[in-house]
Amino acid sequence: MAIAVYPGSFDPITKGHMDIVERAAQIFDELIVAVVHNPSKKPLFTMEERVEMIRVASQHLTNVTVKSFSGLLVDFAKKEKANAIVRGLRAVSDFEIEFQMALMNKTLYPQAETVFLTTTTDYAFISSSMVKEVASFGGDVREYLPPIVQERMAEKYGKEGT
């Protein structure tokens with residue numbers, strides 16, 4: 001059985017992330033969206049909020065589960081018996097750091113291959129940090145987010161149209 005892990009902070013999950021989730025779910029028997037706790041980041045949403053939003057946004061995909069973890073990705077992948085790690089690429093600039101991480105992960109956990117999926121051009125410019133910044137200034141970010149995230153962003157920023 002092909003089990004893949006798609007890791008990220010997903011603060012918040014965007015339509016670009018969901019594009020990768022939906023496409024990876026077509027490739028693998030099971031896809032685990034793994035929400036990582038990064039102590040060096042100050043997230044807008046709690047871990048529990050991010051996991052719940054992703055669960056709601058991906059509920060139409062029967063082979064997708066959402067879990068959280070902290071520590072090394074490869075340790076989580078081993079625990080889940082994953083044989084693939086999915087990484088999304090928006091631009092060529094993403095590739096260098098992703099390539100280095102893939103090589104490190106391969107040395108730490110040789111049983112897992114890293115699979116890179118490029119985003120569709122519709123979502124190549126979207127990032128969680130950019131969406132949060134635009135929303136914080138009252139900009140309309142609805143077109144970049146799943147409906148559940150639109151609702152939660154509006155609650156966080158106290159604005160309609162966010």
| query | For A24 and L31, which heavy atoms make the closest approach, and how far apart are they? | reply | CB-CD2, 3.8 Å
| query | Looking at V64 and S58, what are the two nearest heavy atoms and their distance? | reply | CG1-OG, 3.9 Å
| How would you list, by chain and number, every residue that makes a side-chain contact (heavy atoms from CB on, under 4.5 Å) with K132, sequence neighbours excluded? | D11, P12, L44, M153, Y157
| message | Same cluster or not: V51 versus I13, using hydrophobic residues (I, L, V, M, F, W, Y) connected whenever any side-chain heavy atoms lie under 4.5 Å apart? | response | yes
| message | Could you go through K15 and Y123, starting from their C-alpha distance and side-chain angles, then the distance that decides it, and tell me whether this counts as side-chain contact (heavy atoms from CB on, under 4.5 Å)? | response | CA-CA 7 Å; K15 286 185 178 177; Y123 305 123; 3.6 Å; yes
| query | Quick one: do E49 and K156 make a salt bridge, cutoff under 4.0 Å? | reply | yes
| message | For a 4.5 angstrom cut-off between non-hydrogen side-chain atoms, does S127 reach T14? | response | no
| field | CD/Q111: more than 12 non-hydrogen atoms of other groups inside 6.0 Å | value | yes
| said: Can you tell me how far apart CE (M18) and OG1 (T119) are? Round to the nearest 0.5 Å. | reply: 14.5 Å
| message | When you group the ILVMFWY residues by side-chain heavy-atom contacts below 4.5 Å and let the links chain together, are V66 and V149 in the same group? | response | yes
| With ILVMFWY side chains joined below 4.5 Å, transitively, what does L72's cluster contain besides itself? | V74, M104, L108, Y109
| task | Write out all pairs satisfying side-chain hydrogen bond (donor to acceptor under 3.5 Å, both in side chains) with one or both partners inside residues 26-37, taking only residues at least two apart or from two chains. | result | none
| Can you tell me how far CG of N63 sits from CD1 of I3, rounded to the nearest 0.5 angstrom? | 11.0 Å
| Partner residues of F10 under the ring-ring contact (aromatic ring centres under 6.0 Å, His included) criterion, sequence neighbours left out | Y6, H17
| message | Are V36 and M53 linked, directly or through intermediate hydrophobic residues, by side-chain heavy-atom contacts shorter than 4.5 Å (ILVMFWY only)? | response | no
| salt bridge (Lys or Arg N to Asp or Glu O under 4.0 Å) partners of R23, counting only residues at least two apart | D19
| note | Sorted by chain and number, sequence neighbours left out, ring-ring contact (aromatic ring centres under 6.0 Å, His included) with F45 holds for none
| task | Taking the side chain as every heavy atom from C-beta outward, state whether L89 and L117 have any atom pair closer than 4.5 Å. | result | no
| Any residue meeting side-chain contact (heavy atoms from CB on, under 4.5 Å) with F99, in chain and number order, not counting sequence neighbours | F95, L103
| query | With the 4.5 Å side-chain cut-off for hydrophobic clustering, are V56 and V131 part of the same group? | reply | yes
| field | Pair E52-R152, salt bridge (Lys or Arg N to Asp or Glu O under 4.0 Å): steps then yes or no | value | CA-CA 11 Å; E52 186 230 345; R152 299 297 159 75; 2.6 Å; yes
| request: Provide the closest heavy-atom pair for V115 versus F28 in the form atom of the first, atom of the second, distance. | output: CG2-CZ, 4.0 Å
| note | For residues 105-117, the salt bridge (Lys or Arg N to Asp or Glu O under 4.0 Å) pairs (sequence neighbours left out) are K106-E113
| said: Once side-chain contact (heavy atoms from CB on, under 4.5 Å) is applied, do any residues pair with K67, and if so which ones, sequence neighbours excluded? | reply: I32, T65, F76, E80
| note | Heavy-atom nearest pair, V5 first then A34, reads CG1-CB, 3.6 Å
| message | Please determine whether side-chain contact (heavy atoms from CB on, under 4.5 Å) holds for the pair M101 and R87, giving the CA-CA distance in whole Å, both sets of side-chain angles, and the decisive distance to 0.1 Å. | response | CA-CA 10 Å; M101 284 192 292; R87 299 298 296 168; 3.9 Å; yes
| request: List the steps and the verdict of side-chain contact (heavy atoms from CB on, under 4.5 Å) for M130 and I126. | output: CA-CA 7 Å; M130 190 177 299; I126 300 172; over 6 Å; no
| field | Path from I148 to L61 over hydrophobic side-chain contacts below 4.5 Å | value | yes
| Do you know which two heavy atoms are closest between I20 and V86, and how far apart they sit? | CG2-CG1, 3.8 Å
| field | side-chain contact (heavy atoms from CB on, under 4.5 Å) partners for E96, two or more places apart | value | Q100
| query | Taking all atoms of both residues into account, what is the closest heavy-atom pair of Q150 and R142, and its distance? | reply | NE2-O, 2.9 Å
| Is there side-chain contact between S9 and V35, with heavy atoms separated by less than 4.5 Å? | no
| task | Name all pairs fulfilling the salt bridge (Lys or Arg N to Asp or Glu O under 4.0 Å) condition that reach into residues 114-126, sequence neighbours left out, sorted by first residue then second. | result | none
| query | For atom NZ of K78, is the number of surrounding heavy atoms from other residues, nucleotides or ligands below 6.0 Å larger than 12? | reply | yes
| query | Can you name the residues that form a side-chain hydrogen bond (donor to acceptor under 3.5 Å, both in side chains) with S68, not counting sequence neighbours? | reply | none
